[in-house]
Amino acid sequence: LTAYLYISLFFTQLSMGQEPQAERSQKNAALMPYEIIVTPTMSRGDIRRLIVEIQDDFINKFNDANQDKKYDIVCYIHTPTMSRIQRRVCEPRFLFAARGQNAGLAAQGLANQGAEVVIVDERDLRWSARRDFEELEKKLNDYAKVDDEFREMARALQNAKDKLVNYGKD
């Protein structure tokens, strides 16, 4: 969920004025890889599926262009402990690897009876990876500056998320 929020925050930042409105409108008229049209028959579920589709395309485009696979973003279905409700989680590989390393160290501590077992919680794990998150944000922003389609995908994703939030209010 936090990775999703992090990525969502990036999309929000990315969709905010990086270039003058007139130039952006002219470019958008030519590009538009995603045109979000919400019809009265489009349900919330339809919008959620659209968001996942755009997210997948956005992430795949970034991962294909990204040279350092440590910063690739992976999505998977996760069932939290003590829950039966699955949710989709997207997070960078470096965080996924750090969580696995943390679990491995805890398992080693349990195997060595008498050894102290320290499990780092999610918040501390993210704090320890803050420099990697900063680098990921830089990579995303740099790529958005040079690839119009990538930037347009980010805008389309933000528009779809806004449609979901405002569903029924229009």
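All heavy atoms count here, side chains included; hydrogens, waters and symmetry mates do not.
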Exercise for the section: Please work out which of the three classes, parallel, tilted or perpendicular, describes the rings of F133 and F94, given edges at 30° and 60°. Expected result: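 It falls in the perpendicular class, over 60°.
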If hydrophobic clusters are built from ILVMFWY residues whose side chains come within less than 4.5 Å, do [X] and [Y] share one?
| X | Y | value |
| --- | --- | --- |
| V146 | M153 | yes |
| Y167 | M42 | yes |
| V74 | I77 | no |

Can you name the nearest heavy-atom pair linking [X] to [Y], along with the distance?
| X | Y | answer |
| --- | --- | --- |
| N63 | D72 | OD1-CA, 3.2 Å |
| F62 | Y71 | CE2-O, 3.5 Å |
| I85 | S83 | N-OG, 3.0 Å |

Just verifying a value: how many Å separate [X] [atom1] and [Y] [atom2], rounded to the nearest 0.5 Å?
| X | Y | atom1 | atom2 | answer |
| --- | --- | --- | --- | --- |
| I73 | L136 | CD1 | CG | 5.0 Å |
| E91 | H78 | CD | NE2 | 9.0 Å |
| I47 | K161 | CD1 | NZ | 13.5 Å |
| L95 | E122 | CG | CD | 5.5 Å |
| Q55 | I51 | CD | CD1 | 7.5 Å |
| E137 | L140 | CD | CG | 8.0 Å |

[X] with [Y]: basic N within carboxylate O range, under 4.0 Å:
| X | Y | answer |
| --- | --- | --- |
| R49 | D46 | yes |
| K138 | E135 | no |
| R151 | D148 | yes |

Practice task
Would you check, one step at a time, whether the test side-chain contact (heavy atoms from CB on, under 4.5 Å) holds for R93 with D68?
Solution key: CA-CA 10 Å; R93 283 191 193 277; D68 188 348; over 6 Å; no
Problem - Test item: R130 side-chain N/O and W127 main-chain N/O as donor-acceptor pair under 3.5 Å - result: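 The answer is yes, because a donor-acceptor pair under 3.5 Å joins these two groups.
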Practice task
Evaluate the side-chain proximity of K61 to D147: yes if any heavy-atom separation is below 4.5 Å, no if none is.
Solution key: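 In contact.
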Problem - salt bridge (Lys or Arg N to Asp or Glu O under 4.0 Å) evaluation trace for E134 with R131 - result: CA-CA 5 Å; E134 290 168 0; R131 287 187 182 83; 5.7 Å; no
Exercise for the section: Identify, with sequence neighbours excluded, every residue that meets side-chain hydrogen bond (donor to acceptor under 3.5 Å, both in side chains) alongside D162. Expected result: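 Expected list: Q158.
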Practice task
Take K163 and L50 through the test side-chain contact (heavy atoms from CB on, under 4.5 Å) and record every step on the way to the result.
Solution key: CA-CA 11 Å; K163 294 289 184 191; L50 178 64; over 6 Å; no
Exercise for the section: Go through the structure and list residues passing salt bridge (Lys or Arg N to Asp or Glu O under 4.0 Å) with K70, not counting sequence neighbours. Expected result: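 With sequence neighbours excluded, K70 shows a salt bridge (Lys or Arg N to Asp or Glu O under 4.0 Å) to D132, given in chain and number order.
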